[in-house]
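In what follows, a structure is listed as structure tokens, so that the remarks can point back to it.
FYI, side chains are in, hydrogens and waters are out, and symmetry mates aren't considered; it's all heavy atoms of this structure. Model, not experiment: these values are computed from the prediction.
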Amino acid sequence: MAGSLRGEVLNLYKNLLYLGREYPKGADYFRSRLKAAFLKNKDVKDPEKIKQLIARGEFVIKELEALYFLRKYRAMKKRYYSDDKE
């Protein structure tokens, strides 16, 4: 793996690990799944394939952020807008 791609992969792993702290099923569940996913692809040497995997990881980051924003929005909505239909 090229040096710059190695740095990107490590940065991706760190970002995902940070985002996984608030995962709904728990941080330990997320950490184990993340580690398994990275170990599964540890032998990939092709730079193009590595770039594809990095892009997939960045997509997962966006999905996690959307999940967290939605959860925060729902909590705020529940707090300020009651469902009283009386």
Side-chain angles (χ1 to χ4, degrees):
M1 183 174 4
S4 64
L5 288 178
R6 178 170 165 52
E8 284 185 50
V9 170
L10 288 173
N11 193 28
L12 177 67
Y13 186 80
K14 287 178 185 179
N15 287 339
L16 284 166
L17 200 57
Y18 177 78
L19 287 172
R21 293 182 311 155
E22 297 181 25
Y23 194 69
K25 288 189 175 182
D28 292 332
Y29 173 82
F30 186 85
R31 188 180 312 115
S32 65
R33 298 286 302 248
L34 179 65
K35 185 176 181 179
F38 272 78
L39 286 177
K40 183 179 82 172
N41 295 308
K42 73 177 185 175
D43 296 325
V44 176
K45 303 288 185 207
D46 182 29
E48 290 303 315
K49 178 68 175 168
I50 294 170
K51 288 178 184 176
Q52 288 176 349
L53 292 169
I54 290 172
R56 183 174 177 196
E58 289 171 352
F59 173 76
V60 170
I61 286 176
K62 290 178 186 174
E63 290 293 314
L64 283 171
E65 288 173 343
L67 173 74
Y68 296 155
F69 285 133
L70 184 61
R71 186 174 64 181
K72 183 178 177 182
Y73 169 76
R74 286 181 178 160
M76 295 295 283
K77 184 177 178 185
K78 188 185 296 185
R79 213 173 274 152
Y80 292 107
Y81 300 103
S82 63
D83 289 336
D84 294 335
K85 307 256 182 195
E86 297 177 16

Exercise. Among the clusters formed by ILVMFWY side chains lying less than 4.5 Å apart, do Val9 and Leu17 turn up in the same one?
Worked result: yes

May I have the list of side-chain donor-acceptor pairs in residues 60-70 shorter than 3.5 Å, sequence neighbours left out?
{"residue": "Tyr68", "atom": "OH", "partner": "Leu19", "partner atom": "O", "Å": "2.5"}
{"residue": "Tyr68", "atom": "OH", "partner": "Tyr23", "partner atom": "N", "Å": "3.3"}

For this session: Quick one: which residue pairs count as a salt bridge (Lys or Arg N to Asp or Glu O under 4.0 Å) with a foot in residues 22-39, not counting sequence neighbours?
Result: Glu22-Arg71, Asp28-Arg31

For this session: For Arg56, enumerate each residue passing the salt bridge (Lys or Arg N to Asp or Glu O under 4.0 Å) test, keeping only those at least two apart in sequence or located in another chain.
Result: none

Exercise. What is the distance from atom CG of Asn11 to atom CG of Leu16, rounded to the nearest 0.5 Å?
Worked result: 9.5 Å

Problem set entry | For Tyr13, side chain to side chain donor-acceptor pair (under 3.5 Å) partners two or more places apart | none

For this session: Report the residues that fulfil side chain to side chain donor-acceptor pair (under 3.5 Å) with Asp46, sequence neighbours left out, ordered by chain and then residue number.
Result: none

Exercise. Passes side-chain contact (heavy atoms from CB on, under 4.5 Å), Ile54 versus Leu5? Steps please.
Worked result: CA-CA 9 Å; Ile54 290 172; Leu5 288 178; 4.1 Å; yes

For this session: Mind checking side chain to side chain donor-acceptor pair (under 3.5 Å) for Tyr18 and listing every partner two or more places apart, or none if nothing turns up?
Result: Arg21

For this session: State the CG-CG distance between Leu34 and Leu12, to the nearest 0.5 angstrom.
Result: 8.0 Å

